[in-house]
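First comes the structure, then the notes that go with it.
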Amino acid sequence: MEYNHRDIESRWQERWRNDGTYRVEIDKTRPKFYVLDMFPYPSGAGLHVGHPLGYIASDIYSRYKRLNGFNVLHPMGYDAYGLPAEQYAIQTGQHPETTTNVNIARYREQLDKIGFSYDWNREIRTCSPDYYKWTQWAFIRMFGHYYDTALQKAMPVTALVEKLETSGTEGVHAACGEDMEFSAEQWKAMDEKQKADTLMNYRIAYLGNTMVNWCPELGTVLANDEVSEGVSVRGGYPVEQKLMYQWCLRVSAYAGRLLDDLEKLDWTESLKETQRNWIGRSEGAEMKFDIEGSDIKLDIFTTRPDTVFGVTFMVLAPESEYVDMVTTADRREAVEEYRRSIKHKTERERMIDKRVSGVFTGAYAVNPLSGARIPVWVSDYVLAGYGTGAIMAVPAHDSRDYAFARHFDLPVIPLIEGADVSEESYDAKSGRMVNSASDRLDLNGLDVKEAMAKAKKYIEEAGIGKVKVNYRLRDAIFSRQRYWGEPFPVYYKDGIANVLPDESLPLLLPEVDKFLPTESGEPPLGRAENWCTPEGWPFELNTMPGFAGSSAYYLRYMDPHNSEALVSEEANSYWQNVDLYIGGTEHATGHLIYSRFWNKFLYDLGVVCRDEPFNKLINQGMIQGRSNFVYRIKDTNTFVTLGKKDGYDVTPIHVDVNIVSNDILDLEAFRRWRPEYATAEFVLDDDGRYRCGAAVEKMSKSMFNVVNPDDIVERYGADTLRLYEMFLGPLEQSKPWDTNGIDGVNRFIKKLWNLYYKGDMLLVDDSKPTAENLKSLHKLIKKVSEDIENFSFNTSVAAFMICVNELSQQKCHSREILSQLVILLAPFAPHVSEELWHSALGNDTTVCDAVWPSYNEEYLRESEVTYAVSFNGKARFNLTVAADMPAQEVETLAKNHESAAKWLEGKTVRKVIVVPGKIVNIVVS
RNA sequence: GCCCGGAUGGUGGAAUGGUAGACACGAGGGACUUAAAAUCCCUUGGCCAUACCGGCUGUGCGGGUUCGAGUCCCGCUCCGGGCACCA
């Protein structure tokens, strides 16, 4: 029987399916292990060969853990809400659900061919009502909770209301939109609407007027991580800033915990760093500056309270509320003019335009420490959304302030000894303070760090301000003006937002006639009929964003069919959280922040038992495409091979990589590829072949470099695909897909097969394994076990090749060796392993039920070892001795060896170093 | 600008501070074959020598530590990624 992957793979996939081999249930007698892939968005293009990379790695690890006695949860599902299906719906009128289902079916078919060990019984889809019921349920809880900054956890809004009723805002420590102060009496005096508005200021899911990223082309707002360089990540359309009344999640309240808890995660340093940057903690002080001639106090945030004596002007963000408050009558027109000019600019234009601009408000502030009179300006280099939207400018020690000061000819006062500020600012936080003393505070002579501490202390004590930590992380904007997403479980009664009771969940996504905004500019849900409660209160018209459904999906897999709870306490306490999460690094500041936030919120509520969702996370690298080119001589239909193209005036043209093999073009296939090439002529290499050029590019249809996993599976088999994807290089590294080279791993499988089959004859025998056989096998056990633990799958594959080569040379057909070998191989190449396991043992067990072997040092021990004997570090000869020879004897032997004589001649031995089993170094002079 | 990674043959990539280049591709040579495919064997970092033994050199660049450095330390260059008027 020749190795026939089609037969073997379809047979075993069917058996696994029929037997429910990969079904998993809670089993308290075994330790659990949860391996998760980032579930895919099922796009219309289907999977290309890059997508399964992470899935293969996680499948290998899952199977390995299972063989090691763990009860492994390894589920898969679909992130099924999203923009592409809706855009397609707008163009074709086809319901997004229809397209989504078609795409999912296609994905499933492709995934099945690769032989994954998913428990499909646990599949979830974010667009299914059974699932999004729990997304809505979580939203209701976020609406019903506020974040207590003293307790550092979410607490019920009802508890907040009690406090407000007894003592007002006194003693309330809550994350909020704006600081409020009122008494219990004032609270009680509020009408229902005022109370609702007040509570909105505290809720974790709240309605707020916020600057949003508005994308006119997509007709919706986008979250910060969905925008890059002023354009939408999906589609690349321009994005502008717009003030809108939107649902938001108070993610910022969790910034401190999100940052601190990174410490305990087993994630790569670079990913943690990305999240740290995104969260952006900065320690400093908030200080009040009096405005001259009024009782207005300007609140500013600075990280450099030590430089307060160098403040020569103040700057307000154009959108800041302070602007109207402080601007003097004679400057009002100029200020308004400036604000208008800013408003017209989109985020993108503001970013590209690095020119310094600004306007004087006419107001002066008073430096609380020096008493100096300082002008207040407005400029768009100060952002409204960060800190207080106002800054104290210290041009000598901040490059942005410096640029502004030079442009408007404002004074620059250096505060650090020896700092040369004639050309640029001195931003470094080191040196000795000068010019920094008044009758209130003296920082002169102190080191910057000391000065900072002293300044902070004084500011707090004198009541000028308070020490404060600011985060760059913003609240997540949670409304989308789209159809294909979760409806909010929200209705408006007399203009007040209310959430639905749990019993009425899920609130089903209604049908609409068109997937476009209404004529009056409302979101598509405005088209739905009877989109209101039975009492006639209208439902929310926005839907939730993509990250809503993907934030807690890993919890649902633990208990996917539970209609009473997101996850039962029993299931959650058994499966805990994800032990290994594999996915792309592009989710670093989106999904991976939102998920952590969402999980922490549920943790605060006691719904889940762990405060972090993903213990270990691995980012698989991107698989890029490898494009091929042909070279057409200008104005002809003649194509020149790569080696001869320099002699002609040619245009490179992308050619479908699927009609190229090892860079050699299939000429007939090329003529058939496109009608215009039917009559193509070629200038060939001297060996009569056409060699194509190649380049690494993104894998995409337009470059004709998309390789479909189905084609690879059809031609080489899933086992070859799996091994080859791993063999390509380190998991975490980005690398181009290159089908050249796949023959190598395919050859390995055939070699393995041919070791045990000659034609139809099974060569497996019961001979006792020799020491040599055992050594080959146990070397492999050791190497593969270690490699899998380290996610070094490429070197494991190499180890298999070496082992099979050795066993072939040894002509080892031992049943004992074979059965162990295929257990090791099963995670990588499950189908052929099953087949050989079955052939070898002839019984009805599957290799999935086997036990991972452990290696025996005994078999690995060398009887002899070879030392490289070196003189002053240069290896000169090899010395082979018994493995257990003491170092002392090795030393003597090396020095007395005949080959040593010429190196030792006329020299003295100063030192001899023996590294067991490796090196003898003789230092001579 | 700030913060992370990385740089090893024609190619993808191996190397707990211990003989750099495992394994694979590609290339060259050979066996089998009418031929091709498949399979198997040999060679393959560079330079020199070549009947054979062999010699020199070599992990982006410059220094350092060490008996010994691809690996550790300092200073650069280039490439990739993240953040970026965040005060």
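In the text below, chain A, chain B and the rest are named by the order of the sequence lines, each starting its count at 1.
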Partner nucleotide of [N] by Watson-Crick or wobble geometry (both distances under 3.5 Å):
{"N": "B/rG1", "answer": "B/rC83"}
{"N": "B/rC56", "answer": "B/rG46"}
{"N": "B/rA37", "answer": "none"}
{"N": "B/rU66", "answer": "none"}
{"N": "B/rG17", "answer": "none"}
{"N": "B/rG12", "answer": "B/rC23"}
{"N": "B/rC61", "answer": "B/rG75"}

Could you tell me how far [M] sits from [N] if I compare only their [atom1] atoms? Round to whole Å.
{"N": "B/rG21", "M": "B/rG10", "atom1": "P", "result": "16 Å"}
{"N": "B/rG82", "M": "B/rG17", "atom1": "C1'", "result": "32 Å"}
{"N": "B/rG70", "M": "B/rG13", "atom1": "C1'", "result": "14 Å"}
{"N": "B/rG9", "M": "B/rA22", "atom1": "C1'", "result": "14 Å"}
{"N": "B/rC72", "M": "B/rC78", "atom1": "P", "result": "22 Å"}
{"N": "B/rA36", "M": "B/rU43", "atom1": "C1'", "result": "25 Å"}
{"N": "B/rA27", "M": "B/rG45", "atom1": "C1'", "result": "14 Å"}
{"N": "B/rG55", "M": "B/rC3", "atom1": "P", "result": "48 Å"}

Exercise. Heavy atoms, side chains only, cut-off 4.5 Å: are A/Asn705 and A/Lys698 in contact?
Worked result: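 A side-chain contact is absent here, since even the closest heavy-atom pair is not under 4.5 Å.
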Starting the side chain at C-beta, find the nucleotide from [options] nearest to [X].
{"X": "A/Ile391", "options": "B/rA87, B/rG82, B/rC25", "value": "B/rA87"}
{"X": "A/Thr795", "options": "B/rC83, B/rA14, B/rC25", "value": "B/rA14"}
{"X": "A/Ser270", "options": "B/rC23, B/rC4, B/rG13", "value": "B/rC4"}
{"X": "A/Met801", "options": "B/rC83, B/rC85, B/rA24", "value": "B/rA24"}
{"X": "A/Ala798", "options": "B/rC23, B/rA87, B/rC4", "value": "B/rC23"}

Just call it for [X]: base, sugar-phosphate, or nothing, with non-hydrogen atoms closer than 4.0 Å on any strand.
{"X": "A/Arg474", "value": "base"}
{"X": "A/Arg747", "value": "sugar-phosphate"}
{"X": "A/Ser282", "value": "sugar-phosphate"}
{"X": "A/Lys272", "value": "nothing"}
{"X": "A/Asn805", "value": "sugar-phosphate"}

For this session: Please figure out whether A/Asp743 or A/Val797 has its closest RNA chain B nucleotide nearer the 5' end.
Result: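 Residue closer to the 5' terminus by nearest nucleotide: A/Val797.
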Problem set entry | Closest-nucleotide 5' rank along RNA chain B - winner of A/Asp398 and A/Gly741 |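 Looking at RNA chain B, the more 5' nearest nucleotide goes with A/Gly741.
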For this session: Answer yes if the ring centres of A/Trp737 and A/Tyr724 are under 6.0 angstrom apart, and no otherwise.
Result: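 When the ring centroids of A/Trp737 and A/Tyr724 are compared, they turn out to be within the sub-6.0 Å range.
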Exercise. When the aromatic ring centroids of A/Phe313 and A/Phe408 are compared, is their separation below 6.0 Å?
Worked result: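 Ring-ring flag for A/Phe313/A/Phe408: false, centres at least 6.0 Å apart.
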Check whether any side-chain nitrogen or oxygen of [X] sits under 4.0 Å from OP1 or OP2 of [N], and answer yes or no.
{"X": "A/Asn794", "N": "B/rG12", "result": "no"}
{"X": "A/Tyr386", "N": "B/rA87", "result": "yes"}
{"X": "A/Gln733", "N": "B/rG13", "result": "yes"}

Exercise. Hey, are A/Glu806 and A/Lys779 close enough for a salt bridge, meaning a charged N less than 4.0 Å from a carboxylate O?
Worked result: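 Yes, charged N to carboxylate O under 4.0 Å.
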Exercise. Does a salt bridge link A/Glu2 with A/Lys758, judged by any charged N lying under 4.0 Å from a carboxylate O?
Worked result: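 Looking at A/Lys758 together with A/Glu2, the answer is no, because their closest N to O distance does not fall below 4.0 Å.
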Problem set entry | A/Ser379 (side chain) donor-acceptor with A/Ser357 (main chain) under 3.5 angstrom |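 Present.
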